[in-house]
Amino acid sequence: MRKSLRGIWLVLSMSVRVSPWQSVLCLAESLGSVISLLQPLYLAWFVDGVLHHDTARMAVAVAAFAASTGLSWGLGMAGCDARIRQFERVGFAFDTEIARITASIPTLDHLESSKYLDQLQALRDQQGALGMALNNVLNTFKNVVFAGGTLLLAASADLRLLLLVLAGVPGVVATRWIIRWQARSEEESAEPGRLATHLLELSTTAGPGAEVRVFGLREVVRARLDSAVAGWRAPTVDLARRTELVNAACEAFFFASAGAVLAWMVHDAIRGQVPVSALVLAVMLVGRLQSTANVLRWSIHNVSRLTRTTGRFLWLRDYDQEVRAAHAGTQPPPASLRHGITIEDLAYAYPEAAEPSLRDVSLHLPAGSVVALVGENGAGKSTLVKLLTGLYRPTAGRVLVDGADLADLDLPAWRARISGAFQDYARVEFTAQESIGVGDLTSVDDEGEVRRALREGAGEDVLTALPQGLGTQLGTSWPDGVELSGGQWQRLAIARAMMRTDPLLLLLDEPTAALDAATEHALFERYAAAARAAGGRGAVTLLVTHRFSTVAAADLVVVLDAGRIAEIGSHAELMTARGHYAELYELQARGYR
Ligand SMILES: Nc1ncnc2c1ncn2[C@@H]1O[C@H](COP(=O)(O)OP(=O)(O)OP(=O)(O)O)[C@@H](O)[C@H]1O
C-alpha cells in the first residue's frame, strides 16, 4: 500500500511539475463521469412518469438526461484531450529523467551488474508505462468515484443488487493472482529479452558483422535468437492465456449471479412487491455493476502495474542517491601533486563475481613519475586504472592522492584533473574537431588546441583520411560521414587524451594496441618527456601495455599477476632480479630479433 501511494504521489507530482493547469484539466473527465452517474435514475423517472401519466416528471427526466449527457460529454472530451496530452508529456519527462539518472550515476559498477541491467531492461520494455501511469492514476480515480456512485444508486433501487458486489469478489481475488503472474512474467522475460537484443545487435550491426560472416555464425546466432525470443515471449503468452481463462470464468459467475438476482426481483415485481421503475433501474444497473466490477478490477490491476513501474524508477533513483552518498566527498583535489598517489591494500571484486579481480595491492606512484603497468591478460590492469578514476568503488583498501583519500575528494573535480585513453575507447561520431575536442569541453571549439592535441598524440596522419579536415563528420551512419579504421579511431582517442593540458594523472590503458611497436615506443617516449617536462605539476603518467620495449623507458614498472603485485621496480632493477618480468622481456626481445 505504501509503495502504491509513493508511486501515485511520484506520478502526480511529476504531472504538476510538467504542467499544473493541464493536471487540473485532466480531472474534468472524472467530474463528467460523476455527472453521468445519475442517468439511469432519470430513465427510471421517465418510466415512472409514463406509468403515472405525469408529463411534468417526464419532461424533467428528459431535460435532466439531456443536460447531464451534454455536460458529461463536454467535460469528458476536454478532460480526455488534456489527459492524452499530459500523459505523453509526463512519459517524456520520465524518459528524460531515466536517461539523466543513468548517465549521471558516478560509477560504472551498475552497468556490469545483471540485477541492474534486468531492472533497466524491464523499465525499457515498459517504455511509456510511466506516462501511462498518469493515465492509470486518473482512470483509477474516475473509476473509484463512478463505482461508489453506482453502488449508492444500486442500494437506493434495491438492496438485493448489493449481492452482486459479492459476485464480483472472485474477480478481485483473480486480479491479485493476475498481478502476481504479470510481475513474474516481466521478470522472466527480462534476461531472454536482453539476450535477444544482444543477438539482434550481433546479427544486424557492422562491427561484429565480419566475424559472423567469416565464421559462418549466422545460423548459430539465428537459432539462439529464435530461442531467446521464444524465451522472452513465452511468459507473456502464458500470462495472456491464463488471464483470459480466469476472466471468462469470473464473468460467467457474475452473470449467473445477476440472472438469479434479477429473476428474484421479477418474481416480486409480478406480485406487485417491487415497482416497475425499480425493476427498470435494476436491469440498467446490472450492466453498470458488471462494468463497474470490471473497471475496478482493472483499476487494481493498473495500480499494481503502476506500483511496479514506479517502483523500478524509484529503485533507480534510490540507487543513484546511494551511489552519490557513497561518493559524497567534497575536498578539492590538490592543484599539483607533491607526494604522489598511494594505493593501500586495495581489493576489488566485480558485482556478482565469485573471486576478486584485485587483492592486497599496495603501491606508491611518485609525483612526476612515469609508471608502466604490465601483466598477462586478465591480470587486473584495466581494473586498477578504473579504480584510480573512481569509476569503481574499492571493495577494500583505499587510494590516497597526496595523502587525501580518493573517497573524500570531490569526484567530478578529481576527474577534471585526469585525462586518458582507454582500452574501450569511445568512437565519438561527431565532427573530427568535436570528437577530439570533447577531451576538454572548454576548448572544444578551439581549432588550434585540437591540432596541438592531435600533434601530441601523433595523430596528424588521420587528417589525410578526412575530406573536410577537422570539419569532417565521422561515422558512415550520418550524412556525409566518413568511417575510420580501428587504428585511426584509436589515434583520435589518444588526441582526445591530450586535450587537457594540466592533468594530475594521465592514464593510457593500451591506447596504442592498434599501432606498430615502433610508433608506440616513440609515442611513449614523447609522453615520458612531456611528463618530465611538466614535473612542476607532479603529474603521474600510467601506461598499460603488453610491449616490453616501451616499458623500459618508464621510471617504475609494476607487474601484476592474477590480481596481485608480482614485481615492482625500475626496468634495470627488474632485469637484475631475473624474475617473471625479465623472463617475459627477453621472450619478447627474442621475438623482435
Ligand atoms: N565487467 C566485469 N565483470 C566481471 N569480471 C570482470 C569484468 N571485467 C573484468 N573482469 C575480470 O577481472 C579480471 C581482470 O580484468 P582486467 O580487464 O582488469 O584485466 P587486464 O589485466 O586489463 O586484462 P587485458 O590485458 O586483457 O586487458 C579478469 O579476470 C576479468 O575476467
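Indexing begins at 1, ligand by ligand and atom by atom, following the structure's order. Quick note: residue numbers are just sequence positions, from 1.
- Classification of Arg417 and Asp402 as a salt-bridged pair fails, no side-chain N sitting under 4.0 Å from a carboxylate O.
- With sequence neighbours excluded, the residues satisfying side-chain hydrogen bond (donor to acceptor under 3.5 Å, both in side chains) with Arg222 are Glu219, Asp226.
- For ligand 1, the atoms sitting less than 4.0 Å from at least one non-hydrogen atom of Gln423 are 27 (O), numbered in the order shown with element in parentheses.
- For atom 10 (N) of ligand 1, the closest non-hydrogen atom of the protein is Tyr350 CE1, 3.3 Å.
- Protein heavy atom at the shortest distance from atom 15 (O) of ligand 1 is Thr383 OG1, 3.7 Å.
- Using bins of under 30°, 30° to 60° and over 60° for the plane-to-plane angle, the ring pair Tyr319/Trp315 lands in the parallel bin.
- Atom 24 (P) of ligand 1 has its nearest heavy-atom neighbour, among Leu384, Thr545, Asn377, Val544, in Asn377.
- Within the structure, ligand 1 has Gly380 among the residues with a heavy atom less than 4.0 angstrom away.
- Heavy atoms from both the backbone and the side chain of Ser382 come within less than 4.0 Å of ligand 1.
- A salt bridge links Arg564 to Asp360: at least one charged side-chain nitrogen sits closer than 4.0 Å to a carboxylate oxygen.
- At a distance under 4.0 Å, no protein heavy atom can be found next to atom 31 (O) of ligand 1.
- No side-chain heavy atom of Glu449 sits under 4.5 Å from any side-chain heavy atom of Asp440.
- In this structure, atom 25 (O) of ligand 1 lies nearest to the protein heavy atom Lys381 NZ, 2.8 Å.
- Taking the six-membered ring for Trp, Phe92 and Phe94 have ring centres at least 6.0 Å apart.
- Remark: ligand 1 and Gly375 share no N or O pair separated by less than 3.5 Å (distance only, no angle test).
- Of the N or O atoms in Gly378, one or more lie within a sub-3.5 Å distance of an N or O in ligand 1.
- If you check which protein heavy atom lies closest to atom 13 (C) of ligand 1, you get Ser357 OG, 3.4 Å.
- If you number the atoms of ligand 1 from 1 as listed, the ones under 4.0 Å from a heavy atom of His546 come out as 25 (O).
- Checking only distances, Tyr392 never comes within under 3.5 Å of ligand 1, N or O to N or O.
- Atom CG in Leu556 sits 5.0 Å away from atom CD1 in Ile568 (nearest 0.5 Å).
- Side-chain polar atoms of Glu567 and His580 form no donor-acceptor pair below 3.5 angstrom.
- Using a 4.0 Å heavy-atom cutoff, Glu510 is listed among the residues neighbouring ligand 1.
- Using a 4.0 Å cut-off between charged nitrogen and carboxylate oxygen, Arg184 and Glu187 do not count as a salt-bridge pair.
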